[in-house]
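Report on the following structure.
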Amino acid sequence: MDIRALGYYVAQTDKLSEWKAYAEDVLGMETRNAPNGGLYIKMDDRPFRMLVVEGPDKRYLSSGWELASKAAFDDALKTLAAHGVSYELADQDQCAQRGAQQLAIFRDPAGNCHEIYWGFLSDCEPFTSPQGVPKFLTDEMGLGHTVLPAPNFDETYEFLTEVMGFGLSDIYNFKPAPDAPNVRIHFMHCANPRHHSLAICEFPVPSGCVHVMVEVENMTEVGRAHDRRIAHKVPLSATLGQHLNDKMTSFYMKTPSGFDLEYGCGGLQMDWDKHSAFEFTKVSIWGHDFSVGQPSEGGEAGNE
């Protein structure tokens with residue numbers, strides 16, 4: 001498949017008002033009602049990059065992958081059929097809600113839901129942040145990246161590379177304890193310069209997603225978002241730090257749907273013809289203490 005970018009993701013909540021307040025007051029994004037129900041979250045000149053729908057629990061539902069044309073979409077369906085992958089073509093209401101000409105929905109071997117589409121809807125309305133955020137880095141790179149669970153790692157990795165067409169950016173082998181076996185995390189890219197648009201982790205995640213990432217232009221905007229997180233008492237999942245592989249400087253916090261969101265700046269933009277995939281041995285050059293996001297003895301993760 002010729003996937004160009006992560007165009008959007010869909011999350012679920014039992015309380016849309018929580019996501020509306022979080023998006024506007026903490027992330028600094030615009031919101032409005034989505035067609036056929038749900039909440040649009042806008043971070044650039046497109047009508048939305050995040051869609052939140054109501055449901056019985058809080059979780060990540062699906063990732064929306066953008067294709068360049070109808071021909072690319074038709075080729076992607078042929079690829080799915082050739083590999084024996086069942087898919088569902090979205091109806092008119094689903095396409096209207098996603099703002100797409102055509103949409104196909106399927107699952108990878110780990111059960112993660114993927115939506116491929118072409119012909120995004122544009123209303124030419126500029127982004128105006130309620131918190132004064134000048135810009136999120138999107139355009140041809142998409143909204144950011146998503147990190148998904150893959151307990152059946154080899155099968156899922158083969159599907160993502162051989163069927164969906166992702167390329168390997170780099171590898172991290174996480175050891176939860178010195179004598180424990182490696183837990184694999186692979187970072188993958190598609191047809192844009194962002195270091196990774198997708199990553200998979202070799203463990204289950206109840207919320208359906210490890211984290212999503214959004215990127216701003218500079219450290220000042222990261223710091224301002226961190227101040228807003230504190231002011232609105234959003235739990236911190238990892239302290240400020242800089243990653244070794246994509247050089248992103250960021251912090252992590254909880255979303256109202258249970259998965260984490262990375263808010264950062266300075267991520268690498270790659271020339272894939274010159275890149276060599278590699279294995280790195282630590283997550284970050286500095287910072288990113290993830291222990292702050294673990295439950296304390298009192299049963300809640302830290303806020304500060």
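Since the structure is predicted, the reported quantities are computational estimates derived from the model, not experimental observations.
Here Y172 pairs with F280 under the ring pair (Phe, Tyr, Trp, His ring centres under 6.0 Å) rule; sequence neighbours left out. Remark: I285 pairs with Q242, L244, K247 by the side chain to side chain contact (heavy atoms under 4.5 Å, CB included) rule, at least two apart or across chains. For D289, there are no salt bridge (Lys or Arg N to Asp or Glu O under 4.0 Å) partners at least two apart in sequence or on another chain. Residues passing the salt bridge (Lys or Arg N to Asp or Glu O under 4.0 Å) test with E140, sequence neighbours excluded: none. Residues that satisfy the side chain to side chain contact (heavy atoms under 4.5 Å, CB included) test with N218, not counting sequence neighbours, are T220, E221. By the ring pair (Phe, Tyr, Trp, His ring centres under 6.0 Å) test, Y22 is found to be paired with W19, residues two or more places apart in sequence or in another chain being considered.
Looking only at side-chain heavy atoms (C-beta outward), T255 and D260 stay at 4.5 Å or farther from each other. With contacts defined as side-chain heavy-atom distances shorter than 4.5 Å, the pair V214/M29 qualifies. By the 4.5 Å heavy-atom criterion applied to side chains, D170 and H195 are counted as neighbours. P204 is listed as a side-chain neighbour of P151, based on a closest heavy-atom distance under 4.5 Å. Using a 4.5 Å heavy-atom cutoff, the side chains of V183 and N173 are not in contact. Side-chain contact check for R228 versus D25: every heavy-atom pair is 4.5 Å or farther apart. A heavy-atom distance below 4.5 Å is not found between the side chains of R224 and V216. The shortest distance between side-chain heavy atoms of R229 and P235 does not fall below 4.5 Å.
Cluster membership check: V133 shares its hydrophobic cluster with M219, using side-chain heavy-atom separations under 4.5 Å among Ile, Leu, Val, Met, Phe, Trp and Tyr. I171 and F174 end up in the same hydrophobic cluster when Ile, Leu, Val, Met, Phe, Trp and Tyr side chains are linked at under 4.5 Å.
A donor-acceptor pair under 3.5 Å is absent between the side-chain atoms of R59 and the main chain of Q12, judged by distance alone. Formation of a donor-acceptor pair under 3.5 Å by the Q97 side chain with backbone atoms of G37 is found in this model. For the pair K42 (side chain) and E125 (backbone), a donor-acceptor distance under 3.5 Å is present. A donor-acceptor pair under 3.5 Å is formed between the side chain of E215 and the backbone N or O of G267. Here the side chain of T13 pairs no donor or acceptor atom with the backbone of L16 at under 3.5 angstrom.
Within 6.0 Å of atom NZ in K175, more than 12 heavy atoms from other residues, nucleotides or ligands are found, so the atom counts as buried in its surroundings.
Judged by distance alone, the side chains of H288 and S250 do bring a donor and an acceptor atom under 3.5 Å apart. Residues S257 and K58 have side chains that never bring a donor and an acceptor to within less than 3.5 angstrom of each other.
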Before giving the answer on side chain to side chain contact (heavy atoms under 4.5 Å, CB included), spell out for V147 and V212 the whole-Å C-alpha distance, their side-chain angles and the decisive distance to 0.1 Å. CA-CA 6 Å; V147 182; V212 297; over 6 Å; no
Working for ring pair (Phe, Tyr, Trp, His ring centres under 6.0 Å), residues Y263 and Y252: CA-CA 6 Å; Y263 203 109; Y252 292 69; over 10 Å; no
Should H226 and F251 be marked as a ring pair (Phe, Tyr, Trp, His ring centres under 6.0 Å) after you check the CA-CA gap, both sets of side-chain angles, and the distance that decides it? CA-CA 8 Å; H226 194 273; F251 69 93; 4.8 Å; yes
Where do I116 and E66 land on the side chain to side chain contact (heavy atoms under 4.5 Å, CB included) test, with the steps shown first? CA-CA 6 Å; I116 54 172; E66 185 165 302; over 6 Å; no
Take F187 and F166 through the side chain to side chain contact (heavy atoms under 4.5 Å, CB included) test and state the conclusion after the steps. CA-CA 10 Å; F187 299 81; F166 287 97; over 6 Å; no
For I41 and E30, run side chain to side chain contact (heavy atoms under 4.5 Å, CB included): C-alpha distance rounded to whole Å, both residues' side-chain angles, the deciding distance at 0.1 Å, then the answer. CA-CA 6 Å; I41 300 176; E30 296 181 78; over 6 Å; no
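Taking each heavy atom of L39 and A34 in turn, the nearest pair found is N-CB, 4.1 Å. Between S197 and N192 the shortest heavy-atom distance is OG-ND2, 3.5 Å. The heavy-atom pair separating L168 from A277 by the smallest distance is O-CB, 3.9 Å. Shown here for P149 and G208, the closest heavy-atom pair between the two residues is CD-O, 3.5 Å. Nearest heavy atoms, A104 versus L77: CB-CD2, 3.7 Å. Scanning all heavy atoms of the two residues, the minimum distance from T146 to C209 falls at OG1-SG, 3.8 Å.
Comment: D2 engages R4 in a salt bridge, judged by a side-chain N to carboxylate O separation of less than 4.0 angstrom. Note on R32 versus D123: salt bridge recorded, some NZ/NE/NH1/NH2 to OD/OE distance being below 4.0 Å. Comment: K70 engages D74 in a salt bridge, judged by a side-chain N to carboxylate O separation of less than 4.0 angstrom.
With values rounded to the nearest 0.5 angstrom, S284 atom OG is found 5.0 Å from H243 atom NE2. Taking CG of D44 as the reference point, atom CZ of F127 lies at 8.0 Å (rounded to 0.5 Å). Here the CE atom belonging to M1 is positioned 13.5 Å from the NZ atom belonging to K78, to the nearest 0.5 angstrom. Between the CG atom in L148 and the CG atom in L198 there is a gap of 5.5 Å [rounded to 0.5 Å]. Distance check: E54 CD to D14 CG gives 8.5 Å after rounding to the nearest 0.5 Å. To the nearest 0.5 Å, atom NE2 of residue H196 and atom NE2 of residue H145 are 3.5 Å apart.
The other residues sharing a hydrophobic cluster with M270 are L268, W272, where clustering joins ILVMFWY side chains under 4.5 Å apart. If you chain together ILVMFWY residues whose side-chain heavy atoms come under 4.5 Å of each other, M141 ends up grouped with L137. The hydrophobic cluster containing M213, built from Ile/Leu/Val/Met/Phe/Trp/Tyr side-chain heavy atoms closer than 4.5 Å, also comprises M248. Grouped by direct or indirect side-chain proximity (heavy atoms under 4.5 Å, Ile/Leu/Val/Met/Phe/Trp/Tyr only), Y117 sits with Y8, V10, Y40, F48, L51, V53, L61, L103, I105, F120.
A side-chain hydrogen bond (donor to acceptor under 3.5 Å, both in side chains) with S169 is found for exactly one of R194, H186, H189, namely H189.
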Side-chain polar contacts of residues 80-92 - donor-acceptor pairs under 3.5 angstrom, sequence neighbours left out - could you list them?
from, atom 1, to, atom 2, distance (Å)
H83, ND1, T79, O, 3.0
D91, OD1, D93, N, 3.2
D91, OD1, Q94, N, 2.8

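Checked against the 6.0 Å centroid threshold, Y9 and W65 do not count as a close aromatic pair.
The stretch residues 150-163 participates, sequence neighbours left out, in these side-chain hydrogen bond (donor to acceptor under 3.5 Å, both in side chains) pairs: N152-E155, N152-T156, D154-R184.
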